[in-house]
Amino acid sequence: MGPENIPDEFPPVLPGDLETARLRWDGLAKPLGSLGQLEDAITKMAALSGNADFSLRQRTLLVICADNGVIAQGVSQSDETVTAAVTKALGAGESTVSYMARQVGCGVLPVDVGVKDFTGAPGVMDRRIRNGTDDITAGPAMERRECLRALELGIELAGERKEAGDDCLLLGEMGIGNTTTSCAVAAVLLRQQPEELAGRGSGLSDQGMERKIRAVETAIERNRPDPADPVDILQKVGGLDLVVLTGLCLGGRLYRLPVILDGMISDTAALCAVRMRPAVREALTAGHQSQEPAAEQLLSELQLNPLISAGMRLGEGSGAVAALGLLDTAMSVYQSGHTFQHLGIDAYTPQV
């Protein structure tokens, strides 16, 4: 399933639905717009759902797990065994984001789409496409048919979560080396030099940073991805996690499920999805701004303001989960019925 098979038109977000949600906020007993971006985010989600009385009660963090052959170039301080170990921990509810998610009542679903030599583990969904990707400095990360299948899988997963009753999706990933592939994809999408976008990931030395930048430069030069074709970019210099995350963004918009992005990696996937279908932006909320240098430029291109700027760079969906806690506090007000009329006082009005 390629971009040509993704609907050109999604279920519309109606101006009336946006206005209804805004009026609901304005009727609550507080200064107009006083919850700032939290009001904007809830309004956007309500309009996407087509229901001012929507909720965020049932939610799932999908952590897409896969390995990246580019780690052969020394672009990470960890090897591929860490991907498998953390994937197992996610399935067991024992990874970092698992503890965070329990605090906000969010389910965590790790999905193996290409963890190298992974034989499965309890709690991990098996949707393997291939056994990790190839080294992008030596050639394409994967075949185009594999990239298209990964894109299709992301859309399918969004549909499955809709059928399961989820009210929103949170995006996360696990894969050693994936800040390198994300940097390569972002460099092509943004037409920027890799040294302007590359960050230290899970903690690279200066020498490691040099290897990372060189690897991205080599990958782009060797593979020559087409900046106008997001599938070509993902296939040649991306990773399986990035492609599935792109499909999840597309699927979220298709099935009217708000999508809460994590950091630089999911931001990169989101930009791929928006380049394919601009209407996808209507489904997206930026959970936080990652410490990775590319994050600010990606969010600017996506026209999204992050809910949190806390210097986070953990991954796994941790920023999306942290933002969910903020959204919950906003939803408690939105659904409170605590109106000016209820208090017997005059409502605030816009002042010129």
Side-chain angles (χ1 to χ4, degrees), residues 37 64 68 70-71 73-78 82 96-97 136-137 141 171-221 223 225 227 230 233-234 236-239 241-243 245-246 249 260-275 281 284-320 322-323:
Q37 287 179 229
I64 309 303
N68 300 275
V70 73
I71 64 169
Q73 301 304 313
V75 297
S76 174
Q77 67 168 292
S78 305
V82 174
T96 304
V97 79
I136 58 175
T137 68
L171 303 192
E173 37 61 40
M174 180 59 220
I176 299 303
N178 60 9
T179 60
T180 301
T181 53
S182 297
C183 180
V185 172
V188 179
L189 289 170
L190 298 172
R191 299 177 187 266
Q192 295 281 339
Q193 295 300 313
E195 62 265 25
E196 299 297 322
L197 303 174
R200 295 186 183 271
S202 57
L204 279 179
S205 65
D206 290 344
Q207 292 78 15
M209 275 291 291
E210 291 176 7
R211 290 192 295 270
K212 183 175 188 175
I213 293 168
R214 188 164 58 248
V216 173
E217 291 172 340
T218 301
I220 294 172
E221 181 178 356
N223 291 292
I233 302 169
L234 289 165
K236 289 178 176 176
V237 298
D241 50 356
L242 273 170
V243 189
L245 290 170
T246 300
C249 292
I260 304 176
L261 304 175
D262 187 32
M264 176 256 197
I265 295 164
S266 60
D267 295 342
T268 302
L271 184 55
C272 287
V274 168
R275 290 285 177 86
R281 186 182 289 109
L284 304 178
T285 295
H288 81 122
Q289 181 172 308
S290 166
Q291 196 175 26
E292 289 289 297
E296 183 175 2
Q297 293 189 52
L298 288 163
L299 291 176
S300 175
E301 186 70 15
L302 285 164
Q303 301 174 36
L304 296 176
N305 294 316
L307 294 176
I308 300 172
S309 296
M312 297 171 64
R313 53 182 178 84
L314 171 65
E316 297 183 24
S318 54

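Being a predicted model, the structure only gives us computed values, none of them experimental.
Between the side chain of Glu173 and the main chain of Ile64, no donor-acceptor pair closer than 3.5 Å is present. With Asp262 contributing its side chain and Leu171 its backbone, the two residues share no donor-acceptor pair below 3.5 Å. No side-chain donor-acceptor contact under 3.5 Å links Arg313 to the backbone of Glu292. Judged purely by atom type and a 3.5 angstrom limit, Thr218 uses its side chain to pair as donor or acceptor with the backbone of Arg214. Between the Arg281 side chain and the Leu302 main chain, a donor and an acceptor come within less than 3.5 Å of each other. In this structure, Glu296 contributes its side chain and Gln289 its backbone to no donor-acceptor pair below 3.5 Å.
In this structure, the separation between CD on Gln291 and CG on Leu314 is 12.0 Å, given to the nearest 0.5 Å. The line from CG of Leu242 to OG of Ser182 is 4.0 Å long, rounded to the nearest 0.5 Å. Remark: Leu234 CG to Lys236 NZ distance equals 12.0 Å, nearest 0.5 Å. The CG atom of Leu271 sits 5.0 Å away from atom CG of Leu189, with the distance rounded to the nearest 0.5 Å. Between the SG atom of Cys272 and the CG atom of Asp267 there is a distance of 11.0 Å, given to the nearest 0.5 Å. Going from atom SG of Cys183 over to atom CD1 of Ile220 covers 7.0 Å, rounded to the nearest 0.5 Å.
When all heavy atoms of Asn68 and Gly177 are compared, the pair lying nearest together is ND2-C, 4.0 Å. Closest approach of Ala323 to Leu307, counting heavy atoms only: CB-CD1, 4.1 Å. The two residues Ile176 and Ser76 come nearest to each other via the heavy atoms CG2-OG, 3.3 Å. The shortest heavy-atom contact between Ser78 and Val82 is CB-CG2, 3.7 Å. Heavy atoms only, all atoms of each residue included: Ala269 and Leu245 are closest at CB-CB, 3.6 Å. Counting all heavy atoms, side chain and backbone alike, Ala215 lies closest to Thr137 at O-CG2, 3.5 Å.
Proximity of Glu196 to Pro293: side-chain heavy atoms (C-beta onward) are nowhere separated by under 4.5 Å. By the 4.5 Å heavy-atom criterion applied to side chains, Leu299 and Pro306 are counted as neighbours. Contact check for Leu284 versus Leu261: side-chain heavy atoms found under the 4.5 Å cut-off. Using a 4.5 Å heavy-atom cutoff, the side chains of Val237 and Thr181 are not in contact. Two residues are said to be in side-chain contact when any heavy atoms from C-beta on lie closer than 4.5 Å; Met312 and Ser290 fail this criterion. Counting heavy atoms from C-beta on, the side chains of Gln73 and Arg211 never come closer than 4.5 Å.
Under a 4.0 Å N-O distance rule, the pair Lys212/Glu195 does not qualify as a salt bridge.
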Before you tell me yes or no, could you show the steps for Leu298 and Met264 under side chain to side chain contact (heavy atoms under 4.5 Å, CB included), namely the whole-Å CA-CA distance, both residues' side-chain angles and the distance that decides it to 0.1 Å?
CA-CA 8 Å; Leu298 288 163; Met264 176 256 197; 4.0 Å; yes
Go through the steps for Thr180 and Val216 under the test side chain to side chain contact (heavy atoms under 4.5 Å, CB included), then give the verdict.
CA-CA 7 Å; Thr180 301; Val216 173; 3.8 Å; yes
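Side-chain contact of Asp241 with Asn178: a donor-acceptor pair under 3.5 Å is present, judged by distance alone.
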